[in-house]
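To start, the structure under review is shown below, and the notes come after it.
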Amino acid sequence: KLSPCCPLFLQSELNRISPESFTVRSAGSHALVGHQMDDRSSMKLHEVGVASDGFVARQLNEHTVSGNDLILALTDEHRQNIVTMSPRLLKRVYTVREFAAVLDGLAAMSDVTLPRGNDTTTVDARWAALLKAAQLARHAARVKSEVNLDVVDPYRQADPVYDRMDEELLPAPRYIVRVE
């Protein structure tokens with residue numbers, strides 16, 4: 001199951017930087033299709049200023065992953081399942097924490113320069129360059145990372161697991177957005 005917290009939080013953060021430049025969608029590998037978000041997840045989002053109104057769960061399938069520039073999963077198992085479902089997505093699927101680690105590695109590389117500015121053309125050019133560079137830096141980031149890059153799934157778990165999800169999840173989208 002892919003938590004809807006990540007896409008809703010990431011969309012909110014990206015909208016602050018460059019409104020309407022990004023579309024972030026959510027789909028779960030074990031989604032309760034048509035259902036709203038778990039109340040505790042909704043409360044966690046509300047605590048960081050993100051509304052979950054109108055969220056409806058969708059099932060992850062070839063249709064929901066096709067046509068995306070970037071796909072962020074919460075666990076390596078989910079990432080592998082997406083690649084198995086659609087092998088052509090291999091270079092575009094990361095765990096959210098892995099992608100943040102890749103961006104961290106790119107930031108340390110002096111030969112990677114990205115266009116700066118918040119107009120739509122510059123944002124599009126920056127992300128196109130970023131996604132291309134990320135493919136080349138992925139292996140080094142995975143090797144360098146000394147922590148598990150998965151995010152715990154708190155569904156039907158005790159409250160402390162929801163807190164752990166926040167601790168594991170929220171820093172990554174915040175880091176991703178800082179690239180802007």
Side-chain angles (χ1 to χ4, degrees), residues 1-14 22 24-33 35 37-48 50 52 55 57-62 64-66 68-108 130-131 133-179:
K1 180 177 182 223
L2 302 180
S3 172
C5 288
C6 184
L8 290 173
F9 181 75
L10 185 58
Q11 184 73 66
S12 174
E13 292 294 297
L14 288 168
F22 298 90
V24 180
R25 292 179 291 236
S26 173
S29 58
H30 294 91
L32 298 173
V33 176
H35 287 101
M37 177 185 305
D38 175 87
D39 287 340
R40 291 184 290 175
S41 290
S42 183
M43 287 187 325
K44 288 292 182 186
L45 279 175
H46 182 71
E47 289 172 9
V48 294
V50 177
S52 62
F55 174 84
R58 296 183 321 146
Q59 182 63 42
L60 182 70
N61 56 43
E62 280 194 54
T64 58
V65 297
S66 68
N68 293 291
D69 297 325
L70 174 66
I71 300 170
L72 299 174
L74 294 186
T75 69
D76 201 48
E77 179 183 354
H78 291 142
R79 185 188 69 77
Q80 291 172 9
N81 289 342
I82 293 166
V83 171
T84 299
M85 180 188 319
S86 185
R88 62 182 159 42
L89 296 174
L90 175 66
K91 294 181 179 180
R92 291 183 273 160
V93 182
Y94 300 80
T95 70
V96 67
R97 292 176 74 189
E98 172 190 26
F99 192 65
V102 167
L103 295 183
D104 186 48
L106 288 174
L130 181 68
L131 294 176
Q135 294 172 13
L136 302 173
R138 170 188 242 150
H139 180 72
R142 286 183 77 85
V143 168
K144 182 180 175 186
S145 179
E146 296 177 8
V147 298
N148 181 343
L149 296 174
D150 289 352
V151 174
V152 67
D153 181 1
Y155 186 64
R156 294 188 176 180
Q157 305 255 357
D159 286 345
V161 181
Y162 282 82
D163 294 336
R164 185 171 146 212
M165 176 196 66
D166 275 359
E167 292 168 11
E168 292 176 354
L169 174 63
L170 296 183
R174 284 182 175 132
Y175 190 85
I176 291 167
V177 170
R178 282 199 330 231
V179 170

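Note that the structure is a prediction, hence the values are computed from the model and not measured.
- With rounding to the nearest 0.5 Å, the separation of CG in D76 from CG in N81 is 10.0 Å.
- For the pair M165 and P154, the tightest heavy-atom approach, listed with the atom from each and the gap, is SD-CG, 3.6 Å.
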What do the steps show when you test H78 against L60 for side chain to side chain contact (heavy atoms under 4.5 Å, CB included), and what is the final call? CA-CA 10 Å; H78 291 142; L60 182 70; over 6 Å; no
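- Here the side chains of V96 and L10 are not in contact, with every heavy-atom distance at 4.5 Å or above.
- Expressed to the nearest 0.5 Å, how far CD1 of I82 lies from CG of L89 amounts to 8.0 Å.
- For the salt bridge (Lys or Arg N to Asp or Glu O under 4.0 Å) test, no residue two or more places apart in sequence or in another chain qualifies with R58.
- With sequence neighbours excluded, no residue forms a salt bridge (Lys or Arg N to Asp or Glu O under 4.0 Å) with D104.
- For E168, the side chain to side chain contact (heavy atoms under 4.5 Å, CB included) partners two or more places apart in sequence, or in a different chain, are R97, V151, V152, R164.
- Contact record, A73 with R79: CB-N, 3.7 Å, taken as the closest heavy-atom pair.
- Checking each of M37, M43, K44 against R40 for a side-chain contact (heavy atoms from CB on, under 4.5 Å) leaves exactly one that passes, namely M43.
- Taken to the nearest 0.5 Å, the CD atom of E62 stands 6.5 Å off from the CZ atom of R88.
- Here the closest heavy-atom approach between residue S41 and residue Y162 is recorded as OG-CE2, 3.4 Å.
- The two residues S52 and L45 make their nearest non-hydrogen contact at CB-CD1, 4.3 Å.
- Here the shortest heavy-atom pairing between A27 and T64 reads CB-OG1, 4.0 Å.
- Side-chain atoms of S42 and F55, non-hydrogen and from C-beta on, never get closer than 4.5 Å to each other.
- Of the possible donor and acceptor atoms, one in the side chain of T84 sits under 3.5 Å from a partner among the backbone N and O of Q80.
- With a 6.0 Å radius and a threshold of 12 heavy atoms from other residues, nucleotides or ligands, E77 has its CD atom at or below the threshold.
- Remark: L136 CG to K91 NZ distance equals 8.5 Å, nearest 0.5 Å.
- Taking D69 as the reference, nothing meets the salt bridge (Lys or Arg N to Asp or Glu O under 4.0 Å) condition, with sequence neighbours excluded.
- Residues satisfying the ring-ring contact (aromatic ring centres under 6.0 Å, His included) test with Y94, not counting sequence neighbours, are F99.
- Residues satisfying the salt bridge (Lys or Arg N to Asp or Glu O under 4.0 Å) criterion with D150, sequence neighbours excluded, are absent altogether.
- Side-chain N or O atoms of R92 include one that pairs as donor or acceptor with a backbone N or O of N68 at under 3.5 Å.
- Listed for the E98 side chain is no donor-acceptor partner under 3.5 Å among the backbone atoms of L149.
- The CD atom of Q135 lies 9.0 Å from the CG atom of L90; values are rounded to the nearest 0.5 Å.
- Looking at heavy atoms from C-beta onward, L130 lies in side-chain contact with L103 at the 4.5 angstrom threshold.
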